[in-house]
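Here's the structure we're looking at; comments come further down.
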Amino acid sequence: MRRWWSRLPKLPRWGKICRNLLLSALLLGMIYLLQGAPSFTLKGEFRRVERQNLVGPSEILAVIPVKDPYYDRLLVADDGAAVILYPTDGKSRFYYWDKTGELTVVAAHSDVWSTELEQVTLLLFHQEKRAAWAELDISLTSQLNGREFARDYTLKSQKEWEGFFVFQLERSVEPSQVDGEYTPLAQSESYAFCELMRLWDNRGWSSYTAPAEVRIYDRQGKLLRQEAMVLSTPCRK
Amino acid sequence: MGRLLGWCKAMGHWRFEDWSAQACAYIRFRPDRPPVQRELVEHMEDHYEALISRGLKPNKAQEEVVRAMGDPGEVGRGLAACHRPWLGWLWVGTRYLTVGCLLVALFLLPGFSKRAGLGDGGFLQEERFTQQKSEYGRRTFYTDQVEGRMSSDGYTFTVDRVAVWSYAWTDPDGTRNQFRSLYTTLKVWTLCPLLEEPDGVNAFFGVDDLGNEYVARAKNWRTGEPCLSENLQSRGIFTYTYDMWVGELNQEAQWLELRYQRSGRDLSLRIPLEQEGAA
């Protein structure tokens, strides 16, 4: 061993520095790969997950803020015939939904427990160039522990991003707590939110349906489009 | 006499150390001082022994050695010019960096083997390929490798093994039941170290020669139609192996095509369901 070692050429100090730097660079590269080669930007991360899902490259429309305890940003992309939602929660979850005609409604996923879900982020994709604001009427029902719940909501959204509107469906019932738990009515409303959100869950089938109506207006308040629809689980190829 | 010589040598060593310490004090990069000092002392001792062997007295020899070395200040300044502190500190820094990186890499290695799935359990559908018969059915066709491959997004897909099983049984009310199932292993290769398992596999669907469609699992969970199911079985460094199966194949179908048609991609790979030349 010593003989073998002594046969190595003696390096001058700058040679040793170069050797150490080279070794460090190789080791750093190895560490990067061992760590799963994380992307340095959200866009880079999204492009990689997109490749893993054998889709894209799609057009990234926006990265929007989301009120969810598990992630705060949602990347929204358009893949031509489909829309993509990519929550920035580090779980590489990828939601790919075929468009349902000129108007497509999808909900952002949340990991919040079904009776504690306080809000749902709904996205309406459209092709109206002159759209300035939009309204979404939605009727939700649920049945939790024998308690019936039914409520109509009217949501408004100003245009912030090109190609889609964002609606925040928030609790209408006062989320007061009794003995640390939400009141049955608040739980029923959260459960209805959860049923709605599950329509666009990647894993799991839902027979839930929610009647809705979309109205899109221009700057002058002129109605550009009005369409009634039933929100249900979209089928994917 | 021997003692006297030893004492003189020790005295000389002390003088040489003193001289070399004075010279080395000019070197600003402190870690370099001890080795340079050692080298200088060794050099002076060699010179001293050479003078002694030529017959010089120890005292004279010591003086001659120190005189020959010259002014320690001048030698020290020369040494300081050679041993630049920034180069020294850079060298020390890169040593720590290398050792640090090595330790982190070693720390992460077990995680890597887990990620790569080394040592994963056996093939979930193994019995489908090794057995000839089960309680309810028998294997009618088996092949090791299907010709052809599909490539997309840096992944290459091949079908490694195919087994077709026929099941038949009679219900207590006399109803005769019969169906066929397909079991395959889909191997996915990627040389790109940045890519992980291809999640898009769950959007693969099948179409047989009679035009029957076996929908992707993701879709089947919603519709209940006959489907092509898949399950990631193992990971290698460059490969991912999936179990893929169709629970209920058409009885008459002779081949089934694996297909992927999404986002502008159109992939297909034909899997035979009967042995070539078989009646």
Side-chain angles (χ1 to χ4, degrees), chain A residues 11-39 44-45 47-58 77 79-82 84 92-98 199 201-207 232-237, chain B residues 32 82-84 87-88 90-113 115 152-155 157 190 192-205 215-225 259-265 267:
Chain A
L11 291 171
R13 183 157 287 172
W14 60 263
K16 285 179 186 170
I17 290 169
C18 289
R19 179 199 61 193
N20 289 352
L21 286 174
L22 190 69
L23 268 173
S24 299
L26 286 173
L27 286 166
L28 283 171
M30 193 174 153
I31 289 167
Y32 173 71
L33 290 178
L34 290 175
Q35 282 292 80
S39 294
E45 183 186 313
R47 290 296 180 213
R48 185 188 301 174
V49 176
E50 210 178 25
R51 270 183 83 181
Q52 285 170 198
N53 279 276
L54 309 176
V55 297
S58 58
D79 192 33
I84 301 170
S92 298
R93 286 189 293 191
F94 189 85
Y95 297 89
Y96 184 93
W97 299 112
D98 289 333
L199 294 179
D201 194 353
N202 268 353
R203 296 184 175 273
W205 178 84
S206 171
S207 58
S232 60
T233 296
C235 288
R236 298 179 301 168
K237 261 209 166 169
Chain B
D32 271 0
C82 294
H83 294 264
R84 283 165 288 183
L87 202 62
L90 188 61
W91 172 58
V92 170
T94 56
R95 270 169 62 186
Y96 279 111
L97 180 69
T98 311
V99 172
C101 289
L102 189 64
L103 289 176
V104 174
L106 287 173
F107 178 75
L108 293 173
L109 266 178
F112 173 68
S113 62
R115 180 174 167 257
S152 180
D153 297 85
Y155 295 102
F157 304 87
T190 178
C192 177
L194 304 181
L195 291 175
E196 290 191 15
E197 65 209 54
D199 297 321
V201 167
N202 71 8
F204 279 24
F205 64 100
V215 300
R217 184 177 60 122
K219 188 177 173 185
N220 173 266
W221 281 12
R222 301 170 195 289
T223 61
E225 295 169 69
R259 287 188 188 171
Y260 177 82
Q261 288 168 344
R262 206 164 72 162
S263 194
R265 288 148 183 83
L267 311 178

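In the text below, chain A, chain B and the rest are named by the order of the sequence lines, each starting its count at 1.
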Study note, to complete from the structure: Highest number of heavy-atom pairs under 4.5 Å with chain B among A:D79, A:L27, A:L28 belongs to A:L27

Review point. Minimum heavy-atom separation for B:Y260 to A:N53, with atom names?
Key: OH-O, 3.2 Å

Point to revise | Per-residue contact mode, B:R265 against chain A (heavy atom under 4.5 angstrom) | key: side chain

Check your understanding: In Å and rounded to the nearest 0.5 Å, what is the CZ to CG distance from B:F204 to A:L54?
Key -> 6.0 Å

Review point. Do you know which of A:P57, A:G56, A:A82 has the most heavy-atom pairs with chain B at a distance under 4.5 angstrom?
Key: A:G56

Check your understanding: Who wins among B:S152, B:G93, B:C192, B:G88 for the most heavy-atom pairs under 4.5 Å with chain A?
Key -> B:G88

Exercise for review: Quick one: pull up CG in A:L21 and CG in B:L97 and give me the separation to the nearest 0.5 Å.
Suggested key: 7.0 Å

Practice item. Please lay out, stage by stage, how A:R13 and B:D32 fare under the test side-chain contact (heavy atoms from CB on, under 4.5 Å). Key: CA-CA 11 Å; A:R13 183 157 287 172; B:D32 271 0; 2.7 Å; yes

Exercise for review: Calculate, to the nearest 0.5 Å, the distance between atoms OG1 and CG belonging to B:T98 and A:N20 respectively.
Suggested key: 4.0 Å

Practice item. Quick one: do A:F94 and B:D199 satisfy side-chain contact (heavy atoms from CB on, under 4.5 Å)? Show the steps, please. Key: CA-CA 9 Å; A:F94 189 85; B:D199 297 321; over 6 Å; no

Revision key, fill the gap. Scanning both residues in full, the closest heavy-atom pair of B:D153 with A:R51 reads O-NH2, 3.1 Å

Study note, to complete from the structure: Of all heavy-atom pairs linking B:E196 and A:Q52, the shortest is N-OE1, 2.9 Å

Review point. What pair of heavy atoms forms the shortest contact from B:L108 to A:I31, and how long is it?
Key: CD1-CG2, 3.7 Å

Point to revise | Flag if over 12 foreign heavy atoms under 6.0 Å of OH, B:Y96 | key: no

